[in-house]
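Residue numbers count from 1 along this sequence. Counting convention: from 1, in listed order, for ligands and their atoms alike.
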Amino acid sequence: MKYALVTGGSRGIGRAICLKLAKMGHHILINYTSNEDAALETKKLVEAEGVSAGLLKFDVSNRSETRTTIESWIEVNPDSQINVLINNAGIKKDNLLMWMEDSEWDQVLDISLTGFYNVTKAIVPEMMKAKDGNIVNVVSLSGLKGLPGQTNYSAAKAGVIGATKALAQEVARRKIRVNAVAPGFIKTDMTDAINEKDFTSLIPMRRFGTAEEVAGAVGFLVSPDSSYITGEVISINGGLYS
Ligand code: NAP
């Protein structure tokens, strides 16, 4: 059985990606770190699509926990393979650089950038062996343009964009594709505190996007319709920046 692992799959964009991939027929592994109720709800919704769903609880920034959990899953499921990886887990801790706490810098980099490394490093060897893999990294407009108040988040996402392009070239011959999606403002818990009305005049489409609209692009990148696309970043931002 072939599985798609979605980090931060319990809520928001990650949940929408789990459901999109489930509708496409993928079995799903839902990673989360603390919100068990949300993860269980996603599991139920995925199973309703007629595919299998498993929960993998680990903090992507904790290298040993990430490795142990993924390696144990691979060991007890020798007939299964994780052939799709969506690196979606992320947080933001916004502050101007001059006021930024060291912990705000460290946590954002540890989860978004080092988290990408920790998870991908644990999965890629299996994809290389199988000569079958598809990785999509959820980055951000912030990593392309840079946003004030987000030097930590912009740096983390820009780092993942660089890693996407480098890794795509390393593994292409093994039939593994690596791409990224860069959302703008999307309605989730992460943007709950932002007043949509304060920003819509800046967005040509005059609205925030939905998690499902991000998941649609991820579904395309995972599907054979994008079979000659690798090392690419697709913006999903209502025309805010290109
Ligand atoms: P969200 O609603 O806050 O959900 C975050 C998800 O990440 C949750 O599933 C959470 O798990 C998980 N997570 C957080 N820290 C983790 C860790 N250390 N290890 C494993 N999982 C962890 O956020 P979202 O808006 O869906 O964002 C998803 C991704 O899209 C992030 O990478 C974010 O940077 C990116 N993005 C979002 C927007 C936006 O406007 N929303 C725009 C651009 C990019 P728990 O449920 O266990 O807490």
Judging by distance only, is a nitrogen or oxygen of [X] under 3.5 angstrom from one on ligand 1?
X: Gly8; result: yes
X: Phe185; result: no
X: Ile111; result: no
X: Asn88; result: yes
X: Lys157; result: yes

| query | Of the listed options (Val138, Asn35, Val139, Ile186), which comes nearest to atom 44 (C) of ligand 1 when hydrogens are ignored and any heavy atom counts? | reply | Val139
| request: Look at atom 16 (C) of ligand 1 and find which of Ile30, Ile86, Thr33, Ile236 reaches it with the closest heavy atom. | output: Thr33
Any sub-3.5 Å donor-acceptor pair from [X]'s side-chain atoms to [Y]'s backbone N or O?
X: Arg11; Y: Thr188; result: no
X: Arg207; Y: Gly238; result: no
X: Lys157; Y: Val138; result: yes

| field | Protein contact of atom 18 (N) of ligand 1 - nearest heavy atom, named by residue and atom, plus distance | value |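 Answer for atom 18 (N) of ligand 1: Asp59 OD1, 2.8 Å.
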| What is the nearest protein non-hydrogen atom to atom 19 (N) of ligand 1, stated with its residue, atom name and distance? |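 Scanning the protein heavy atoms, the shortest distance from atom 19 (N) of ligand 1 goes to Val60 N, 3.0 Å.
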| task | Could you tell me whether Glu41 and Lys44 make a salt bridge, using a distance below 4.0 angstrom between a side-chain N and a carboxylate O? | result |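 Judged by the 4.0 Å cut-off on N to carboxylate O distance, Glu41 and Lys44 do form a salt bridge.
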| request: Could you tell me whether Ser10 approaches ligand 1 through its side chain, its backbone, both or neither, with non-hydrogen atoms closer than 4.0 Å? | output: both
| Just wondering, do Asn87 and Leu85 contact through their side chains at under 4.5 Å, heavy atoms? | yes
| message | Distance alone, cut at 3.5 Å: any donor-acceptor contact between the side chains of Asn137 and Thr164? | response |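 Yes, a side-chain donor-acceptor pair sits under 3.5 Å.
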| Does the side chain of Asn179 come under 3.5 Å of the side chain of Ser226 through a donor N or O and an acceptor N or O? | no
| message | Less than 4.0 Å is my threshold; does some heavy atom of Phe208 fall inside it relative to ligand 1? | response | no
